Amino acid sequence: MGTVLLEDRPQYEVRLEVFEGPLDLLLFLIRKKKIDVHNIPIAVITREYLDCLQRKERINLDREAEFLLMAALLIHIKSQMLLPREEPFPEEDPRRFLVDQLLEYQKIKAACAILKEKEEEQSLFWTREGLPPLAEAGDVDLAEVSLFDLAETFFSLMKRKEGENFRLVKGKSVSIENKMKEIVRLLEEESVLDFLEYFSRQETLEEAIVSFFSLLELIKARMVLAIQEQLFHSIKVWLRKDVARKGK
Amino acid sequence: MTPGLKEIIESLVFISLEPLTLEKLKEALADFPAAEVEEALTDLVRSYSDGSRGIQVIQTGGGYIFSTRPECDPWVRRLLKIDRKSKLSGAAMETLSIIAYHQPITSSEIQALRGVDSSYTLKTLLEKRMIRIVGRKNSPGRPLIYRTTDRFLAHFGLNSLEDLPTEEEIARILGEEKTSEPEP
Amino acid sequence: MTPGLKEIIESLVFISLEPLTLEKLKEALADFPAAEVEEALTDLVRSYSDGSRGIQVIQTGGGYIFSTRPECDPWVRRLLKIDRKSKLSGAAMETLSIIAYHQPITSSEIQALRGVDSSYTLKTLLEKRMIRIVGRKNSPGRPLIYRTTDRFLAHFGLNSLEDLPTEEEIARILGEEKTSEPEP
């Protein structure tokens, strides 16, 4: 009933917020004007579309940039259609791309409507999210994993590592070689290094990881001696005697 | 008393928090003939379907799972103190349908079909485990590709992707829309 | 068909994540006389107690819950084991992700990155053939070095290790790299 009212009042308000995007708005206008999607009068629909945008006081570029983009596309198609041609549309109808897009979007919207109903029906079926105690409760830890989980796990682990004092700083890259030199220099000055402390002092996550691998390299090259006294406890690093002597 | 096959299956479906696939069921019941397992399963589903029970075995998301009967929903919600089960947003529905019909698909392909940037929605859907990243496309930039999950199927009560609305169903909806007035 | 009181109670006991107390049950069923609720509950418990079912209602921890029948335990255990085999624990995920991004890597390097001993997890991942031992490192103690397998790649739909999502991609998906923060 409300829709009949819309037809009667030419100055009805279209709120951009109710549309999922420019295609949604276009489809609405096409249906309102009872236009055949396959043969869109571009001039008419462009005017309607621009009216909708103009009625809005302020365009929120964050959310509504795509609406402007579509306006530009419509104007472009309109100008293409106006170009004098030897034959009507010798190559391709300039509307072709937009029409295909609209047809596919229309199908998706229809599928959404059906799925929405199914979701509604399904919401009445309650399944359990966990097993009550007793029984053979399995590991609660278990989860089905995807590639996304794998990558996310790794990067959040890296970030969690040694607190939140890591910042993702771009543009500063550190090489393992330089880090190794830095560690050796520090060891020459202070003779012993608390590695976890040094690790968490690193400015960026990348630096921290690089410093960790630099230490591994140093250990591998038998230049330093690293001892972790107990699990979870700090790693103490010493310069090996022969290396220390060489340095002097 | 030794339990029969149907009772054993009942207990197995019961402890499954995700729909139990026939495959897994057969694996767990490898000491029984596969045909008998299937038969007993059908039997079990039927015995719960006469509407005389508060719970039932439903086939969804590629397997079998216990759920409450829909008619019990008001009391279940009262017990769990939930007003309404959370539903997906319009943007999430659109993105999900696009992925469902066009999978495997990249983020920019989704954007082209929707006409809107969908990265935030993709994130939400990944978090809800409705979609997953399955690899990369062999095209410039090697973008990540997405697919829907079994959880997506179960959310809509679908058993497989073949249960998605068909071309005919979609055409019917579009036909209805043409004859009625639009609603924003 | 409207469900009877006994069926409603059945659905509530089923959906409850902890033993459902009579008190809570009566609260959710405030529209029924308390005496009738108690009667229907007794009725429900009795209907499950004849041993002809794979699941039963038991009284424990001050309330009622469903559980599988003890006679079904061997199969329940087997299914849970199969389930566990096909899934990765949080610890396994962490370890696998470290190996994936840092291979070749030794057990102590993994331990340093995770902050916990990972030998058990490594064993599990080896059993699942997600990782393999490729040799020993030329460093004190000559520790074993690990790499991911082709099975790992296949499992995650990757053609090669270069296909792993990069930190930037994940950050972008998670929306952590905000380029323009909208002003409130």
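This is a predicted model, so every value here is computed, not measured. Every chain is numbered from 1 and lettered A, B, ... according to where its sequence line falls, protein lines coming before strand lines.
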Between B:Lys87 and A:Lys116 (side chain of the first, backbone of the second, donor and acceptor by atom type, cut-off under 3.5 Å), is there such a pair? no
Sequence-distant partners of B:Leu17, side chain to side chain contact (heavy atoms under 4.5 Å, CB included), two or more places apart: A:Arg128, A:Leu131
Which of the residues B:Ile170, B:Leu113, B:Thr60 is involved in the greatest number of heavy-atom pairs with chain A at under 4.5 angstrom? B:Ile170
Would you find more than 12 non-hydrogen atoms of other residues, nucleotides or ligands less than 6.0 Å from B:Glu39 atom CD? no
For the OG1 atom of B:Thr95 and the CD atom of A:Glu20, what is their distance to the nearest 0.5 Å? 8.0 Å
Please classify the contact of B:Leu88 with chain A as side chain, backbone, both or neither, using a heavy-atom distance under 4.5 Å. both
Using a 3.5 Å distance criterion without hydrogens, assess whether the side chain of B:Thr68 forms a donor-acceptor pair with backbone atoms of A:Trp126. yes
Smallest heavy-atom separation, A:Ala111 atom then B:Pro165 atom, equals O-CG, 4.1 Å
Distance col, row A:Ile114:CD1 vs B:Phe156:CZ, nearest 0.5 angstrom, shows 12.0 Å
Please check if atom CZ in B:Arg142 has more than 12 non-hydrogen atoms from other residues, nucleotides or ligands closer than 6.0 Å. yes
Can you tell me which of B:Asp117, B:Leu164, B:Leu96, B:Ile55 forms the most heavy-atom pairs within a distance under 4.5 Å of chain A? B:Asp117
List the atom of A:Ser123, the atom of B:Asp73, and the distance in Å for their closest heavy-atom pair. O-OD1, 4.0 Å
Pick from B:Met93, B:Glu94, B:His102 with the largest number of heavy-atom pairs that fall under 4.5 Å of chain A: B:Glu94
Check whether B:Arg84 gets within reach of chain A through its side chain, its backbone, both or neither, counting any heavy atom under 4.5 Å. side chain
Can you give me the closest heavy-atom contact between A:Phe125 and B:Gln56, atom names plus distance? CE2-NE2, 2.9 Å
Contact class of A:Glu117 relative to chain B, heavy atoms under 4.5 angstrom: neither
Please check: side-chain N/O of A:Gln101 versus main-chain N/O of B:Ala112, any donor-acceptor pairing under 3.5 Å? yes
With chain A, the option among B:Thr166, B:Thr149, B:Ile98 that has the most non-hydrogen atom pairs under 4.5 Å is B:Ile98
Is any side-chain heavy atom of B:Tyr101 closer than 4.5 Å to a side-chain heavy atom of A:Lys107? no
Surrounding CD of A:Glu177 (heavy atoms of other residues, nucleotides or ligands, distance under 6.0 Å), is the total greater than 12? no
Side chain, backbone, both or neither of B:Phe66 within contact of chain A (heavy atoms, under 4.5 Å): backbone
Portion of B:Ala171 that has a non-hydrogen atom of chain A nearer than 4.5 angstrom: neither
Around atom CG of A:Asp36, are there more than 12 heavy atoms of other residues, nucleotides or ligands at under 6.0 Å? yes
If you draw a 6.0 Å radius around NZ in B:Lys26, do more than 12 non-hydrogen atoms from other residues or ligands fall strictly inside? yes
Between A:Glu119 and B:His155: side-chain donor-acceptor atoms closer than 3.5 Å: yes
Given the rule in the side-chain contact (heavy atoms from CB on, under 4.5 Å) test, do B:Arg114 and A:Leu23 qualify, once you have shown the distances and angles that lead to the verdict? CA-CA 7 Å; B:Arg114 278 192 73 211; A:Leu23 292 171; 5.8 Å; no
Does a side-chain heavy-atom distance below 4.5 Å link A:Leu115 with B:Leu158? yes
Testing the basics here: between A:Thr127 and B:Ser67, what is the closest heavy-atom pair and its distance to 0.1 Å? CG2-CB, 3.8 Å
